[in-house]
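See structure below.
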Amino acid sequence: MTPIDLTAPRVRLDAVDIRRVPMLGIAVGIAVAATILSIIERDGATPWLTGVMVGVMWIAVVLAVLSVMPFANALMLRDDGFRVRVMGVLGGFVPWSKVASVEAGEGWAGATVAVHLVEGADIGPIPGLPRDPTLGIHTFTDSYGLDPEELAQAMERRRRAATHP
């Protein structure tokens, strides 16, 4: 594995989490259903409808597989904040000015990075960075190939540099 320069102006960390593996199972199920349907309905009264349905199912397979690929789920650390991307299109940006601190801790699925916001700051709902309503903190749902403590320290250094130049 190539070492990551966490001091670069922009650092992209792809998700290495296996929690999305069930999505691959769904994609395979759709592919199998499309194949079986095309075999069963080969001599049907409306072969064009069967072809359309099979085509739609294969498009769904491709989209499901693409949504779980590492490049579709990433964390981008920048000098002005960080961006979380989930399934290629969902996610959001959090400026360092809205972050009070970043630390590693134990989450519902093991060690994770917790993001504490400045009092009164609202970032809205961000897929990949949900807010725990009991604790009032945001935690990452993915792992990005670094130890949570190492990632939290890198994020905290960027936050301090941005808020205290």
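Panel note: side chain Arg159, backbone Ala100; a donor-acceptor pair is recorded below 3.5 Å. For Glu103 (side chain) and Ala114 (main-chain N/O), no donor-acceptor pair under 3.5 Å exists by modelled atom type.
Minimum interatomic distance between Val84 and Pro127 (heavy atoms only, all atoms of both residues): CG1-O, 3.7 Å. Between Lys98 and Asp122, the shortest heavy-atom distance links the atoms NZ-O, 3.2 Å. The heavy-atom pair separating Ala152 from Ala104 by the smallest distance is CB-N, 3.6 Å. For the pair Val11 and Arg158, the tightest heavy-atom approach, listed with the atom from each and the gap, is CG2-NH2, 3.2 Å. Residues Gly128 and Val86 approach most closely at CA-CG2, 3.5 Å, considering heavy atoms.
The side-chain heavy atoms of Asp14 and Asn73, taken from C-beta on, include no pair separated by under 4.5 Å. Residues Arg83 and Arg10 have side chains not in contact (no heavy-atom distance under 4.5 Å, counting atoms from C-beta outward). Side chains of Pro130 and Thr141 form a contact here, defined as non-hydrogen atoms less than 4.5 Å apart.
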Practice problem: Walk me through it: do Leu77 and Met155 pass the test side chain to side chain contact (heavy atoms under 4.5 Å, CB included)? | Solution: CA-CA 7 Å; Leu77 301 177; Met155 291 177 73; 3.7 Å; yes
Quiz prompt | Test side chain to side chain contact (heavy atoms under 4.5 Å, CB included) applied to Val16 and Tyr144, step by step | solution = CA-CA 6 Å; Val16 294; Tyr144 297 102; 5.9 Å; no
Self-check item: Step-by-step side chain to side chain contact (heavy atoms under 4.5 Å, CB included) determination, Phe82 to Val99
Solution: CA-CA 10 Å; Phe82 64 93; Val99 177; 4.1 Å; yes
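Note: the hydrophobic cluster containing Ile126 does not contain Met76 (ILVMFWY, side chain heavy atoms under 4.5 Å, direct or indirect links). Both Ile30 and Val62 belong to a single network of hydrophobic side chains, linked directly or stepwise wherever heavy atoms of I, L, V, M, F, W or Y lie under 4.5 Å apart. Grouping the Ile, Leu, Val, Met, Phe, Trp and Tyr side chains by contacts below 4.5 angstrom, directly or via other members, places Val118 apart from Val102.
Expressed to the nearest 0.5 Å, how far CG of Leu146 lies from CG of Leu13 amounts to 5.5 Å. With rounding to the nearest 0.5 Å, the separation of OG1 in Thr112 from CG in Leu151 is 8.5 Å.
By the side-chain hydrogen bond (donor to acceptor under 3.5 Å, both in side chains) test, Arg78 pairs with Asp80, sequence neighbours left out.
Each of Ile123, Leu129, Thr139, Ile137 was compared with Val115 under the side chain to side chain contact (heavy atoms under 4.5 Å, CB included) criterion, and only Leu129 meets it.
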